Amino acid sequence: MTAHDMPATYDFHTVEPRWQARWESDGVFAVPDTPPADKPKYYVLEMFPYPSGQLHMGHVRNYALGDVVARYKRARGYAVLHPMGWDAFGLPAENAARERGVHPRQWTLDNIAAMRGTLQRLGFSLNWDREIATCLPEYYGKQQKLFLDFLAAGLVDRRESWVNWDPVDETVLANEQVIDGKGWRSGAPIEKKQLSQWFMRITKFAPDLLDGLNSLDRWPERVRLMQERWIGRSEGARLRFSLAQPPAGFDENLDSVEVFTTRPETLFGMSFLALAPDHPLAAKVAERNVAAADFIAECRRLGTSVEAVEKAEKRGFDTGLRVRHPFLPDQSFPVWIANFVLMDYGSGALFGCPCGDQRDYDFARKYDLPIPLVILPPGENANDWTADKGPWTGEGSLINSGFLDGLSCEAGRTEAIARLEGLGVGTGVVNWRLRDWGVSRQRYWGCPIPVIHCAGCGPVPVPDEQLPVVLPEDVTFDRPGNPLDHHPTWKHVACPKCGKPATRETDTFDTFVDSSWYFARFTAPHAATPTVRSAADGWLAVDQYIGGIEHAILHLLYARFFTRAMRETGHLDVSEPFAGLFTQGMVNHESYRDAKGGWLYPEEVRRTGAGAFHAETGEEITVGRVEKMSKSKRNTVAPVSIIERFGADTARWFVLSDSPPERDMEWTEAGVAGAARFVQRLYRIVRAVATACPADAPEQTGEIPAAVDALRRATHRTIAAVTEALEAFTVNVAVARLHELTSALAEAERAADEPGMAFARREAALTLALLCAPMTPHLGEELLSLLEPNAALAAQRPWPTPEPALLAVTQIKLAVQIMGKLRGTIDAEPDEDGAAVLARAEAEPNVARLLEGKKIVKRIHVPNRIVNFVVAG
RNA sequence: GCGAGCUUGGCGGAAUGGUAGACGCACGAGACUUAAAAUCUCGAGUUCGUAAGAACGUGCGGGUUCGAGUCCCGCAGCUCGCACCA
């Protein structure tokens with residue numbers, strides 16, 4: 001290529017599509033289902049997007065980061081799996097259908113097409129031949145197979161469960177769709193309803209899910225902590241309280257109440273027993289007591305409202321029942337129903353020990369229940385420790401506790417459990433906060449649960465040969481409820497067992513199910529079985545998973561569960577799905593409001609030194625907080641418009657600059673412009689090298705001019721520094737180092753005539769091309785092609801390695817301190833030690849001046865680092 | 001309430017216990033230009049000083065060290081997550 005062929009400015013409009021086409025036609029990113037034997041494998045995965053319609057900046061940041069890793073690892077010689085797909089089921093598609101009459105499938109596929117186009121314009125090195133969309137039968141049919149295998153393995157069961165029921169929309173709502181006790185869409189008061197639902201038995205793996213966290217050393221500590229708390233292991237005891245005088249006709253099964261406690265040593269401090277409003281015994285009481293029934297109804301009504309949770313007022317209802325104390329058979333205690341007792345933790349009942357628990361204390365005070373003192377805090381005297389001093393929730397020694405008197409809480413705990421076991425009324429247990437995962441959703445746009453309900457046979461799994469159970473397309477959204485339920489024919493089938501008329505399950509899976517195994521499907525996305533063992537076992541675990549912190553608990557925990565369940569059913573053999581996890585920060589932007597308080601889009605606002613004004617009316621605009629880009633605040637910037645104005649590389653470069661990836665970043669117009677300037681500048685500088693420095697320019701040997709030496713050292717230092725930064729995920733630092741080398745190369749033009757400079761400039765330019773390629777791949781290819789027109793693609797070239805000789809430091813500028821304060825610098829040889837250095841340091845003019853009249857008590861010299869004089873007087 | 005994280009120039013941020021503020025943005029001065037844009041060069045923590053240089057400086061208070069943004073103890077502020085978990 002001659003200078004004439006090289007455009008003076010970098011025209012991303014033509015350059016970017018050209019290299020994208022080349023990568024595609026050369027198949028440079030493709031990898032086989034079974035990882036090649038001659039290379040180490042590396043699986044990079046970003047959390048796949050929900051196809052909402054448009055890619056947003058958060059996606060760009062997420063995928064740019066992942067692409068840096070993918071391209072870098074590829075250059076380091078790894079076989080890199082870097083797939084992309086769509087989390088394509090979910091409610092927004094049904095909402096679009098109800099609001100705009102477009103079919104969910106069409107809406108979803110259109111969105112996917114639009115977003116795929118944007119991703120492709122951004123030049124990510126993705127395996128597009130592995131693309132999956134969870135809403136297609138090719139994917140969800142395999143998911144149905146997994147479910148049936150889980151069912152056969154006892155990892156799934158069916159049971160009654162409470163749901164939030166919207167009587168107007170005739171649908172089940174998630175907790176976050178219930179606002180102040182009303183449906184988010186209909187505004188109707190929400191009812192609690194019991195439905196028969198499918199559950200994944202995630203609790204079966206609770207101990208392993210907890211233990212496994214210890215092996216995830218490349219996960220952020222806080223995510224592991226969040227999961228640990230969510231799983232919530234606690235040790236304690238389960239014990240039964242028998243009813244003192246059950247009323248005549250009371251159910252035999254309800255003649256005792258089981259409670260869980262972590263503090264069995266405080267049993268002598270018992271004041272009352274409290275039941276959850278949904279507890280079976282509470283229901284029994286309500287049958288014959290209207291006031292109790294009212295109280296329970298009241299609790300249910302308030303249970304879902306935000307207000308109730310915030311007020312958190314403890315309220316109770318005395319049932320009149322009494323229970324006997326296991327250690328004090330002649331004493332009995334009242335049984336209350338209390339709004340703060342949770343049915344789904346422990347056994348839905350607790351014994352109240354007011355002296356050792358804030359909540360029990362508040363309750364006892366409110367209803368004037370006794371507060372027996374059983375724990376004496378360390379350093380307190382039993383004679384003046386009173387209930388008025390409030391509860392003591394820490395450790396201490398036990399008092400007023402019969403056989404436990406004098407023991408520490410810890411010793412008392414062991415003893416109390418032993419006694420309970422001896423009496424046969426209780427046992428030491430481990431309790432888990434984690435609950436089984438209810439996966440049934442009464443929705444159309446989800447994966448059908450492959451079960452057929454037969455009056456004679458009960459729930460019958462759909463036989464393998466009838467899979468996939470495909471969603472019918474001809475559905476209507478003109479009335480409330482689940483369209484699958486309304487469909488005239490779809491659900492009516494013959495029972496696979498007995499052949500009699502039966503009905504399909506019309507529930508579909510929670511969409512978290514879809515995303516719980518997609519990483520495994522990516523390894524063999526077109527296989528007839530859910531996974532292919534050689535592919536799944538070969539590629540998994542994901543070496544680097546990248547996504548938002550908002551999925552720290554549920555998605556990651558469900559995926560970890562699925563991995564275990566899939567291993568148990570023989571679909572793969574790995575213990576954890578994600579070996580490394582990186583949670584990137586959000587993309588924020590200023591928000592703008594006009595005088596009336598209405599939100600404005602960034603493009604409607606003109607910013608000047610004097611302030612912010614409306615671009616058309618000139619009205620003064622209030623600049624609000626910098627916060628997460630959101631449609632409601634209108635502070636969004638569309639990636640498509642940025643790509644059109646500045647190109648993909650500029651967008652990528654900007655989201656990777658400045659802010660460390662794990663922190664939030666602020667999107668600014670000035671920042672993008674700066675990134676665009678850099679892209680042009682680097683192009684100009686490298687173009688100048690390609691024009692001025694012949695490809696066969698020789699390396700200078702012997703006497704090397706200082707400017708040449710400096711540039712070569714800068715080049716090799718940059719290779720080392722960028723490599724280190726990328727390994728450490730500090731892409732912002734890699735960007736800074738590339739800025740530095742770019743400036744050094746520009747500066748070298750001034751010494752262009754020095755012997756060997758042409759070689760050094762070419763070397764620097766080539767290095768820049770290769771090092772910037774993970775971040776700005778199109779620019780990287782273009783620069784490389786200017787320098788070496790017919791060479792291999794940057795995407796296929798190995799990562800440069802620095803020459804050790806050029807990394808070595810030749811001259812040290814040594815800082816000289818007096819009493820730890822910098823007073824001057826001297827030159828030193830590398831590793832130079834001994835008296836000569838100290839002498840030169842003492843002689844440094846400013847140092848000598850300040851040492852005048854002082855006595856040097858101690859001389860400290862750390863070679864290559866520092867000289868420090870400690871003085872007296 | 002419990003837990004985690006953060007706090008460094010005008011702004012984003014950099015810094016294996018060893019010259020704090022790399023790099024970028026914004027800003028100022030200059031060059032080029034009829035002019036502007038673009039580009040290039042130079043400058044810049046604050047205060048004092050013509051300068052050399054000095055004092056102060058990484059949220060606040062202590063400590064360890066020859067030397068602390070970095071390690072330890074205590075405190076404050078902000079952000080996020082969980083939250084009646086028996």
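So you know, we letter chains A, B, ... as the sequences are listed, proteins then strands, and number each from 1. Source: prediction; values computed, not measured.
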Please list each protein N or O that sits under 3.5 Å from an N or O in nucleotides 22-29 of chain B, with the distance.
{"from": "B/rA22", "atom 1": "O2'", "to": "A/Glu740", "atom 2": "OE2", "distance (Å)": "2.7"}
{"from": "B/rA22", "atom 1": "N3", "to": "A/Arg737", "atom 2": "NH2", "distance (Å)": "3.1"}
{"from": "B/rC25", "atom 1": "OP1", "to": "A/Arg677", "atom 2": "NH2", "distance (Å)": "3.1"}
{"from": "B/rA26", "atom 1": "OP2", "to": "A/Arg677", "atom 2": "NH2", "distance (Å)": "3.4"}

Extract from the structure each pairing of a protein N or O with an N or O of nucleotides 3-7 of chain B at less than 3.5 Å, listing the distance.
{"from": "B/rG3", "atom 1": "O4'", "to": "A/Arg229", "atom 2": "NH1", "distance (Å)": "3.3"}

Using the 3.5 Å cut-off, write out each protein N or O paired with an N or O of nucleotides 54-59 of chain B and the distance between them.
{"from": "B/rA54", "atom 1": "OP1", "to": "A/Arg823", "atom 2": "NH1", "distance (Å)": "3.3"}
{"from": "B/rA54", "atom 1": "OP1", "to": "A/Asn846", "atom 2": "ND2", "distance (Å)": "3.1"}
{"from": "B/rA55", "atom 1": "OP1", "to": "A/Arg823", "atom 2": "NH2", "distance (Å)": "3.3"}
{"from": "B/rA55", "atom 1": "OP2", "to": "A/Arg823", "atom 2": "NH1", "distance (Å)": "3.0"}
{"from": "B/rC56", "atom 1": "OP2", "to": "A/Lys821", "atom 2": "NZ", "distance (Å)": "2.6"}

Listed pairs, N/O of protein and of nucleotides 61-63 of chain B, under 3.5 Å:
none

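Looking at A/Tyr10, A/Phe678, A/Phe12 one by one, the single match for side chain to side chain contact (heavy atoms under 4.5 Å, CB included) with A/Asp649 turns out to be A/Tyr10.
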Just distance, no hydrogens or angles: give the donor-acceptor pairs under 3.5 Å from side chains in residues 841-853 of chain A, sequence neighbours left out.
{"from": "A/Glu842", "atom 1": "OE2", "to": "A/Arg859", "atom 2": "NE", "distance (Å)": "2.9"}
{"from": "A/Glu842", "atom 1": "OE2", "to": "A/Arg859", "atom 2": "NH2", "distance (Å)": "3.2"}
{"from": "A/Glu844", "atom 1": "OE1", "to": "A/Asn846", "atom 2": "N", "distance (Å)": "3.1"}
{"from": "A/Glu844", "atom 1": "OE1", "to": "A/Val847", "atom 2": "N", "distance (Å)": "3.0"}
{"from": "A/Asn846", "atom 1": "OD1", "to": "A/Arg849", "atom 2": "NE", "distance (Å)": "3.2"}
{"from": "A/Asn846", "atom 1": "OD1", "to": "A/Arg849", "atom 2": "NH2", "distance (Å)": "2.9"}
{"from": "A/Asn846", "atom 1": "ND2", "to": "A/Arg823", "atom 2": "O", "distance (Å)": "2.9"}

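Looking at which nucleotide of RNA chain B each of A/Gly820 and A/Phe351 is closest to, the 5′-most match is held by A/Gly820. Both A/Pro660 and A/Asn868 lie near RNA chain B, and the one whose nearest nucleotide falls closer to the 5' end is A/Pro660.
Residue A/Met226 has its side chain nearest to B/rG81 when only B/rG81, B/rC82, B/rC84 are considered.
Side-chain polar atoms of A/Thr203 and A/Arg433 form no donor-acceptor pair below 3.5 angstrom. Side-chain atoms of A/Arg560 and A/Gln227 form a donor-acceptor pair, as typed in the model, at a separation below 3.5 Å.
Nearest approach of A/Thr715 to A/Ala764, heavy atoms of both residues: OG1-CB, 3.3 Å.
At whole-Å resolution of the value, CD1 in A/Ile866 and C1' in B/rU65 are 14 Å apart. In this structure, CD of A/Glu662 is placed 13 Å from C1' of B/rA14, rounded to the nearest angstrom. Here the C1' atom of nucleotide B/rU39 and the CZ atom of A/Arg687 are 14 Å apart, to the nearest Å. Rounded to a whole Å, the CG atom of A/Leu554 is 13 Å from the P atom of B/rG81. The interatomic distance linking A/Phe272 (CZ) with B/rA86 (C1') rounds to 10 Å, in whole Å. Between A/Met343 atom CE and B/rC85 atom P the separation is 17 Å, expressed in whole Å. Taking atom CG of residue A/Asn339 and atom C1' of nucleotide B/rA86, one finds them 14 Å apart after rounding to whole Å. Look at CG on A/Leu838: it is 13 Å from C1' on B/rC66, rounded to the nearest Å.
Between B/rG3 and B/rA22, the two P atoms lie 38 Å apart (nearest whole Å). Atom name P, nucleotides B/rC60 and B/rC66: the rounded distance is 25 Å, in whole Å. Going from the C1' atom of B/rA15 to that of B/rG63 covers 24 Å, rounded to whole Å. Look at the P atom in both B/rG9 and B/rA83: the space between them is 36 Å, to the nearest Å. For the C1' atoms, the distance from B/rG67 to B/rG77 is 30 Å, rounded to whole Å. For the C1' atom pair drawn from B/rG49 and B/rA4, the interatomic distance equals 48 Å after rounding to whole Å. Straight-line distance between the C1' atoms of B/rG10 and B/rA31: roughly 27 Å, to the nearest whole Å. Between B/rC84 and B/rC2, the two C1' atoms lie 13 Å apart (nearest whole Å).
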key: Residues A/Arg240, A/Glu258; criterion salt bridge (charged side-chain N to carboxylate O under 4.0 Å, His left out); working and verdict   = CA-CA 4 Å; A/Arg240 278 194 317 280; A/Glu258 190 173 78; 5.2 Å; no

inquiry  = Between A/Ser743 and A/Arg681, is the side-chain hydrogen bond (donor to acceptor under 3.5 Å, both in side chains) condition met? List the steps.
reply    = CA-CA 10 Å; A/Ser743 293; A/Arg681 176 168 135 93; 2.8 Å; yes

task = Using the salt bridge (charged side-chain N to carboxylate O under 4.0 Å, His left out) rule, take A/Glu590 and A/Lys633 through it: C-alpha gap first, then chi angles, then the decisive distance, then the call.
result = CA-CA 10 Å; A/Glu590 280 180 334; A/Lys633 303 272 168 68; over 6 Å; no

request  = I would like to know whether A/Leu814 and A/His861 meet side-chain contact (heavy atoms from CB on, under 4.5 Å); could you show each step before the answer?
outcome  = CA-CA 10 Å; A/Leu814 205 58; A/His861 174 213; 3.8 Å; yes

query = Does the ring pair (Phe, Tyr, Trp, His ring centres under 6.0 Å) test come out yes or no for A/Phe340 and A/Phe363, once each step is laid out?
reply = CA-CA 10 Å; A/Phe340 62 83; A/Phe363 193 78; 5.3 Å; yes

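Nucleic acid contact for A/Val862: base, since at least one base atom lies under 4.0 Å from a heavy atom of the residue.
Here the side chains of A/Asn732 and A/Ser657 are not in contact, with every heavy-atom distance at 4.5 Å or above. Taking the side chain as every heavy atom from C-beta outward, A/Leu213 and A/Leu209 never approach each other to under 4.5 Å. Considering only heavy atoms from C-beta on, A/Leu216 stays 4.5 Å or farther from A/Leu581 through its side chain. Under the 4.5 Å side-chain criterion, counting only non-hydrogen atoms from C-beta, A/Pro370 is in contact with A/Ser271.
In this pair, A/Phe512 and A/Tyr558 present their aromatic rings perpendicular. The plane angle is above 60°, beyond the 30 to 60° band. Between A/Phe295 and A/Phe317, the ring-plane angle classifies as parallel under the 30° and 60° cut-offs. In this pair, A/Phe327 and A/His325 present their aromatic rings tilted. The plane angle is within the 30 to 60° band.
B/rG57 has its base anti relative to the sugar, with a glycosidic angle deviating from 0 by more than 90°.
Between A/Tyr367 and A/Trp336, the distance from one ring center to the other falls under 6.0 angstrom.
A/Arg433 has a side-chain polar atom (N or O) that falls below the 4.0 Å cut-off from OP1 or OP2 of B/rA83.
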ask   = Please, what dot-bracket string fits RNA chain B when only Watson-Crick and G-U pairs with both distances under 3.5 Å count, crossing ones use [ ] and pairs to another strand use |?
value = (((((((..(((.....[....))).(((((.......))))).((((....))))..(((((..]....))))))))))))....

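No hydrogens or angles were tested; on distance alone, nothing pairs the side chain of A/Lys858 with the base of B/rC66 as donor and acceptor under 3.5 Å.
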